[in-house]
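Report on the following structure.
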Protein chains: 2
Amino acid sequence: MIGIEPLSHHELVNLPETFRLLGDPSRLRILLHCTDAPKSVTQIADDLDLSQSLVSHHLRLLRGARLVRGVRQSRHIFYRISDQHVNAFLIDMIAHIREEHCYS
Amino acid sequence: MIGIEPLSHHELVNLPETFRLLGDPSRLRILLHCTDAPKSVTQIADDLDLSQSLVSHHLRLLRGARLVRGVRQSRHIFYRISDQHVNAFLIDMIAHIREEHCYS
DNA sequence: CCAACATATGAACATGTATTCAACTGTTGA
DNA sequence: TCAACAGTTGAATACATGTTCATATGTTGG
């Protein structure tokens with residue numbers, strides 16, 4: 001059980017904010033969908049059966065937290081996971097979910 | 001950029017739910033405070049300047065998601081982080097927050 | 001250049017939820 | 001045993017936010 005280093009004010013604000021963003025099912029599905037390969041907005045909307053508008057709203061927030069990064073390619077904007085830390089905590093969180101519940 | 005394995009329905013429900021729980025500043029502060037060492041409810045309430053009732057409410061939710069684990073010791077119940085995966089994604093998330101923003 | 005496409009934005013609404021207050025349960029030291 | 005302590009619970013409320021609809025911006029192929 002290692003301790004977490006003291007956090008700056010900036011970090012104490014951004015940390016819960018970033019968790020909160022992933023707390024919405026639609027938004028998390030969008031993020032997870034982008035771990036596969038870069039996806040355009042309409043592609044995401046079609047694949048996940050969400051409105052284009054909603055996907056755009058969510059991507060804006062995900063971009064703001066630097067969880068995804070979009071690059072324009074002709075008419076489309078392809079979104080992908082921003083950095084490897086994002087993959088890392090997604091995998092860790094999935095591992096936690098899968099952890100066996102032991103009633104001691 | 002590795003892909004995330006396909007998730008079960010159970011996981012697709014619990015994953016955002018767990019993120020959501022950490023999205024609240026008070027709740028996250030409580031969890032972070034428990035990474036240091038096991039803490040009693042009143043201890044947490046005093047240290048973080050939150051009401052005992054509020055801390056109890058939040059701990060109930062954190063327990064439900066197996067993010068913390070409490071053990072009774074005489075009158076007090078000492079809460080600690082549940083498993084190492086919790087520490088892992090906290091550290092990964094902090095690393096993401098600290099990642100330099102590069103405008104490419 | 002412009003019609004068609006791709007994405008973004010703003011307001012409005014409906015739902016969810018963090019916090020407080022009050023009361024309750026359970027534990028132990030004297 | 002019982003008064004004092006530690007923690008839990010439920011209802012009520014004030015606030016936040018996800019989603020939709022309509023519209024706007026921006027880009028490109030023909």
Side-chain angles (χ1 to χ4, degrees), chain A residues 12-34 37-82 103, chain B residues 12-34 37-82 103:
Chain A
L12 275 176
V13 171
N14 284 358
L15 203 58
E17 174 62 18
T18 307
F19 275 118
R20 192 185 63 81
L21 287 176
L22 303 177
D24 178 69
S26 302
R27 208 152 44 212
L28 183 57
R29 284 177 70 211
I30 292 172
L31 184 69
L32 289 170
H33 200 55
C34 292
K39 303 273 167 58
S40 73
V41 179
T42 46
Q43 203 173 344
I44 295 169
D46 290 349
D47 293 350
L48 303 185
D49 198 40
L50 302 171
S51 77
Q52 196 179 66
S53 173
L54 181 58
V55 173
S56 187
H57 275 298
H58 283 318
L59 283 173
R60 176 178 165 79
L61 296 173
L62 292 174
R63 252 183 309 164
R66 300 171 11 251
L67 291 165
V68 298
R69 175 178 292 272
V71 295
R72 175 144 238 148
Q73 199 161 343
S74 109
R75 283 188 192 167
H76 297 265
I77 298 179
F78 287 91
Y79 284 92
R80 62 174 182 82
I81 293 288
S82 182
Y103 306 86
Chain B
L12 275 176
V13 171
N14 284 359
L15 202 58
E17 174 63 19
T18 308
F19 275 118
R20 192 187 63 80
L21 288 176
L22 303 177
D24 178 70
S26 300
R27 209 150 45 211
L28 183 58
R29 283 176 69 211
I30 292 172
L31 184 69
L32 290 171
H33 200 54
C34 292
K39 303 273 168 59
S40 74
V41 179
T42 47
Q43 203 173 344
I44 296 168
D46 289 348
D47 293 349
L48 303 184
D49 198 41
L50 302 171
S51 77
Q52 192 182 63
S53 175
L54 182 58
V55 173
S56 187
H57 275 296
H58 283 319
L59 283 172
R60 177 177 165 78
L61 296 174
L62 292 173
R63 252 183 308 162
R66 298 167 17 249
L67 290 165
V68 299
R69 174 177 293 271
V71 294
R72 175 144 238 147
Q73 199 161 342
S74 113
R75 283 186 193 171
H76 297 267
I77 299 179
F78 288 91
Y79 284 92
R80 62 174 181 84
I81 293 288
S82 182
Y103 306 85

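Within every chain, numbering begins at 1; the chains are lettered A, B, ... in the order of the sequence lines, protein sequences first and strands thereafter. None of these values were measured; they are calculated from a predicted model.
- Residue R63(A) places at least one side-chain N or O under 4.0 Å from the OP1 or OP2 atom of dA8(C).
- Remark: H58(A) is in phosphate contact with dT19(D), judged by side-chain N or O atoms under 4.0 Å from OP1 or OP2.
- Of the side-chain N and O atoms in R75(B), none sit less than 4.0 angstrom from OP1 or OP2 of dG26(C).
- For L22(B) and dT17(C), the CG to C1' distance is 16 Å, given to the nearest whole Å.
- For the residue pair L22(A) and L28(A), the shortest heavy atom distance occurs at O-CB, 3.7 Å.
- Contacts of Q43(B) classified as side-chain contact (heavy atoms from CB on, under 4.5 Å), with partners at least two apart in sequence or in another chain: K39(B), S40(B), D47(B), F78(B).
- The aromatic ring of H57(A) is stacked on the base of dT9(C), with the two ring centres less than 5.5 Å apart and the planes inclined by under 30°.
- At least one side-chain nitrogen or oxygen of R27(A) sits closer than 4.0 Å to the OP1 or OP2 atom of dG18(D).
- In terms of heavy atoms, L21(B) sits closest to A65(B) at CD1-CB, 3.4 Å.
- Nucleotides of DNA chain D nearest to D24(A) and R72(A) differ in position, and the one nearer the 5' end is that of D24(A).
- Atom NE2 of H76(B) and atom P of dC5(D) are 11 Å apart (whole Å).
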Output a table of donor-acceptor pairs, distance under 3.5 Å, between side-chain atoms of residues 50-57 of chain B and any protein atom two or more places apart or on a different chain; print 'none' if there are none.
{"from": "S51(B)", "atom 1": "OG", "to": "L54(B)", "atom 2": "N", "distance (Å)": "3.0"}

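- Closest non-hydrogen pair, Y79(A) versus C34(A), comes out as O-SG, 3.8 Å.
- Look at CG on L59(A): it is 11 Å from P on dT9(C), rounded to the nearest Å.
- In plain terms, the two heavy atoms of I30(A) and L59(A) that are nearest each other are CG2-CD2, 3.8 Å.
- Put simply, CD1 on I30(A) is 11 Å from P on dG18(D), counting in whole angstrom units.
- Note: CG (L61(B)) to P (dG10(D)) measures 13 Å, nearest angstrom.
- Taking atom CD of residue E17(B) and atom C1' of nucleotide dG16(C), one finds them 12 Å apart after rounding to whole Å.
- Nearest approach of R27(A) to H58(A), heavy atoms of both residues: CD-ND1, 3.3 Å.
- Proximity of R20(B) to the phosphate of dA18(C): a side-chain N or O atom is located under 4.0 Å from OP1 or OP2.
- Atom CZ of R60(B) and atom P of dT25(C) are 15 Å apart (whole Å).
- Rounded to an integer number of Å, the gap from CG of L21(B) to C1' of dA18(C) is 12 Å.
- Contacts of Y79(B) with the nucleic acid, taken as non-hydrogen atoms under 4.0 Å apart, involve only primed sugar atoms and P, OP1 or OP2.
- Near DNA chain C, meaning a heavy atom under 4.0 Å from it, residues 38-56 of chain B has S51(B), S53(B), L54(B) in order of number.
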